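Here is the structure we will look at, set down as structure tokens.
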Amino acid sequence: MTEKLNQLIRILDLDISPKQRLKMVLDDEFAVSVDQNEFLQIAPAYLGLKISPRSPFFVKFRQLVMDAYPTSRGLKEDELGRKLHLFRSYLDLFYLNYIHQYPGQNDFQRLLNFAHRQKIQLDYETASNYHNRTRNGACYPHNMKVQLMRNSWRLRNNPARMVEFIINIDRGEFISEWNTYKLTENGEVDSELTHYSIEELGEVANTESFNYGIPHGGYYVYPRFQRTHQFLDVQQPRDNLVRQRAKKIYRAPKGYHNGGQFADLIKSGGVKDAKAWQRIPHDFRAEVYQSFVKHLVSSGMPNWGINYYLSSTMRYRQYSVI
């Protein structure tokens, strides 16, 4: 697959318009088509493609999308834009495939090993409420969001918070639509909605999502990029029918800043936050979490993560990680 990746990068570097290059990648290389269930299919041979999150392919592809769709209409501008929106799930798959190669007891450990080997820092600051969707509400978050690169000052090919991972805090396993999807006899993704149970749709609703724009997270974003995430990622074209259904069943909680009861457990503390939360007995977690949210609302202080809260609260200090 190395030659395939090199060919993709050569196309991204051609001296033709951004939309022409993007169309060549989708149509000529991946042979994309939108099926009867509005699911984007690619040539089955490439479902196993492994691409490092640090590959120039991702940053070049992202830059072309930003160049091709600079207005507030975002990817809703045309049919190519909709295909690009649907294609982002395959971008997720390619880097998930790559991280799965790394050693580790679970996916989170594999990701940490990758980051250590690559000497890069991970970002835990972006809110994860859209990846903690539930059917009937939840006592506390179960998933955390991790993005890379943590930050960048590049004016072109900026990789800041581009690649995204959603991880179950207790198990350390990736939460992804690719854990749910089945394949048909011809090797394509099975897009028939009736072939998936309500329970299976949970990971489709909470899946990771490659960012074409640059999310703010906890960092400064250049003015030229400040609305790219809103236009290219938030204001999305239509999803496929499977994901549409999943998002109707599983609803995102409202953040405590907006009158809701959701607050991220994992923030600047990163790994320490995750370890601290894992120390808390399951039957005690609802109480701790409610106290945590109440503290954030009443104090008006920034959310520095569950470990900071535990370490500064006598009643719960025993669970904190030094």
Side-chain angles (χ1 to χ4, degrees), residues 22-23 25-27 30-44 46-47 58 61-62 65-66 68-69 71-96 126-135 143 145 147 161-166 174-184 188-213 215 227-254:
L22 291 168
K23 192 173 188 301
V25 169
L26 266 59
D27 294 343
F30 286 100
V32 304
S33 62
V34 179
D35 69 15
Q36 73 278 7
N37 297 310
E38 303 185 48
F39 199 103
L40 189 80
Q41 300 286 355
I42 69 171
Y46 298 120
L47 291 176
F58 288 120
F61 196 86
R62 177 195 227 184
V65 172
M66 288 196 285
Y69 296 92
T71 73
S72 61
R73 294 179 65 190
L75 299 180
K76 292 182 178 181
E77 182 177 301
D78 55 25
E79 183 58 24
L80 174 62
R82 179 151 189 260
K83 287 181 178 179
L84 287 166
H85 165 60
L86 297 173
F87 186 66
R88 77 175 79 227
S89 65
Y90 290 102
L91 298 177
D92 299 335
L93 175 62
F94 301 152
Y95 63 71
L96 289 175
T126 310
S128 69
N129 53 315
Y130 287 104
H131 306 277
N132 277 281
R133 297 171 180 265
T134 62
R135 293 171 61 190
N143 305 325
K145 178 190 288 190
Q147 295 178 320
R161 298 170 297 284
M162 174 182 64
V163 171
E164 182 173 290
F165 301 90
I166 308 304
F174 292 146
I175 299 297
S176 174
E177 60 193 314
W178 293 105
N179 294 336
T180 293
Y181 292 147
K182 305 162 188 175
L183 299 182
T184 63
E188 292 185 336
V189 177
D190 185 346
S191 64
E192 287 296 331
L193 182 58
T194 57
H195 294 175
Y196 297 97
S197 67
I198 289 177
E199 288 70 26
E200 288 176 316
L201 293 178
E203 292 204 53
V204 177
N206 286 318
T207 192
E208 74 293 315
S209 183
F210 184 92
N211 291 307
Y212 288 134
R227 304 199 70 183
T228 55
H229 181 54
Q230 180 68 30
F231 295 157
L232 297 173
D233 304 313
V234 178
Q235 298 172 185
Q236 299 177 346
R238 255 184 355 270
D239 285 316
N240 63 67
L241 297 187
V242 176
R243 184 150 163 78
Q244 286 183 44
R245 178 61 173 160
K247 288 163 69 174
K248 286 180 181 178
I249 295 173
Y250 292 85
R251 311 298 290 187
K254 186 184 294 186

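What you see is a predicted model; the values in this text were computed from it and never measured.
With salt bridges taken as basic N to acidic carboxylate O contacts below 4.0 Å, none links Arg88 and Glu164. Taking a cutoff of 4.0 Å between a charged side-chain nitrogen and a carboxylate oxygen, Arg135 and Glu199 qualify as a salt bridge. Under 4.0 Å is where a charged nitrogen must lie from a carboxylate oxygen, and between Arg243 and Glu177 no such pair does.
A side-chain donor-acceptor contact under 3.5 Å links Asn206 to the backbone of Arg133. Panel note: side chain Asn129, backbone Ala252; no donor-acceptor pair is recorded below 3.5 Å. When atom types are taken as modelled, the side chain of Asn179 and the backbone of Phe174 share a donor-acceptor pair closer than 3.5 angstrom. For the pair Glu188 (side chain) and Pro44 (backbone), a donor-acceptor distance under 3.5 Å is absent. Side-chain N or O atoms of Lys145 include one that pairs as donor or acceptor with a backbone N or O of Ala127 at under 3.5 Å. Put simply, the side chain of Gln41 never gets that close to the backbone of Ser33: no donor and acceptor are under 3.5 Å apart. Checking side-chain atoms of Thr207 against main-chain N and O of Val204 turns up no donor-acceptor pair under 3.5 Å. Counting only distance, with no hydrogens or angles, the side chain of Asn240 and the backbone of Val242 share a donor-acceptor pair below 3.5 Å. Looking only at distances, a side-chain donor or acceptor of Asp233 sits under 3.5 Å from a matching main-chain atom of Tyr212. Checking side-chain atoms of Tyr250 against main-chain N and O of Glu203 turns up no donor-acceptor pair under 3.5 Å.
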Self-check item: Verdict with reasoning, Val65 to Leu22, per side chain to side chain contact (heavy atoms under 4.5 Å, CB included)
Solution: CA-CA 8 Å; Val65 172; Leu22 291 168; 4.1 Å; yes

Practice problem: Kindly determine whether Glu38 and Arg82 satisfy side chain to side chain contact (heavy atoms under 4.5 Å, CB included), including the steps that lead there. | Solution: CA-CA 10 Å; Glu38 303 185 48; Arg82 179 151 189 260; 2.8 Å; yes

Practice problem: Check step by step if side chain to side chain contact (heavy atoms under 4.5 Å, CB included) holds for Val25 and Phe30. | Solution: CA-CA 6 Å; Val25 169; Phe30 286 100; 3.8 Å; yes

Practice problem: Evaluate the criterion side chain to side chain contact (heavy atoms under 4.5 Å, CB included) for residue pair Asp27 and Val32; output intermediate values, then yes/no. | Solution: CA-CA 5 Å; Asp27 294 343; Val32 304; 3.6 Å; yes

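You'll find the side chain of Val189 reaches within 4.5 Å of the side chain of Leu183, heavy atoms only. At a threshold of 4.5 Å between non-hydrogen side-chain atoms, the residues Leu84 and Leu26 count as touching.
Screening Leu93, Leu96, Leu91, Ile175 for a side-chain contact (heavy atoms from CB on, under 4.5 Å) involving Glu208 leaves a single residue, Leu96. Remark: of the listed residues Tyr95, Trp178, Phe210, Tyr95 is the sole one forming a ring-ring contact (aromatic ring centres under 6.0 Å, His included) with Phe165.
Separation of atoms CG (Leu86) and CZ (Arg238) is listed at 8.5 Å; rounding is to 0.5 Å. Atom OG of Ser176 is separated from atom CD1 of Ile166 by 9.5 Å, given to the nearest 0.5 angstrom. Atoms CG and OH, on Asp190 and Tyr196 in that order, are 4.5 Å from each other to the nearest 0.5 Å. The line from NE2 of His131 to CG of Asn143 is 9.5 Å long, rounded to the nearest 0.5 Å. His85 contributes atom NE2, which lies 9.5 Å from atom NZ of Lys76 (distance to the nearest 0.5 angstrom).
Taking every heavy atom of both residues into account, Arg62 and Gly213 meet most closely at NH2-O, 2.5 Å. The two residues Gly81 and Pro237 come nearest to each other via the heavy atoms O-CG, 4.3 Å.
Taking the centre of each ring, Tyr90 and Phe61 stay at or above the 6.0 Å mark. A ring-centre distance under 6.0 Å is not found for Phe94 and Phe58. Between Tyr69 and Phe231, the distance from one ring center to the other does not fall under 6.0 angstrom.
The 12-atom threshold is not exceeded at OH of Tyr130, counting heavy atoms of other residues, nucleotides or ligands nearer than 6.0 Å. Residue Lys247 places its NZ atom among more than 12 non-hydrogen atoms of other residues, nucleotides or ligands, all under 6.0 Å distant. Shown here is Lys254, whose NZ atom has no more than 12 heavy atoms of other residues, nucleotides or ligands within 6.0 Å.
A side-chain donor-acceptor contact under 3.5 Å links Glu192 and Gln36. In summary, the side chains of Glu200 and Thr180 do not present any donor paired with an acceptor at a separation below 3.5 Å, with no hydrogens or angles considered.
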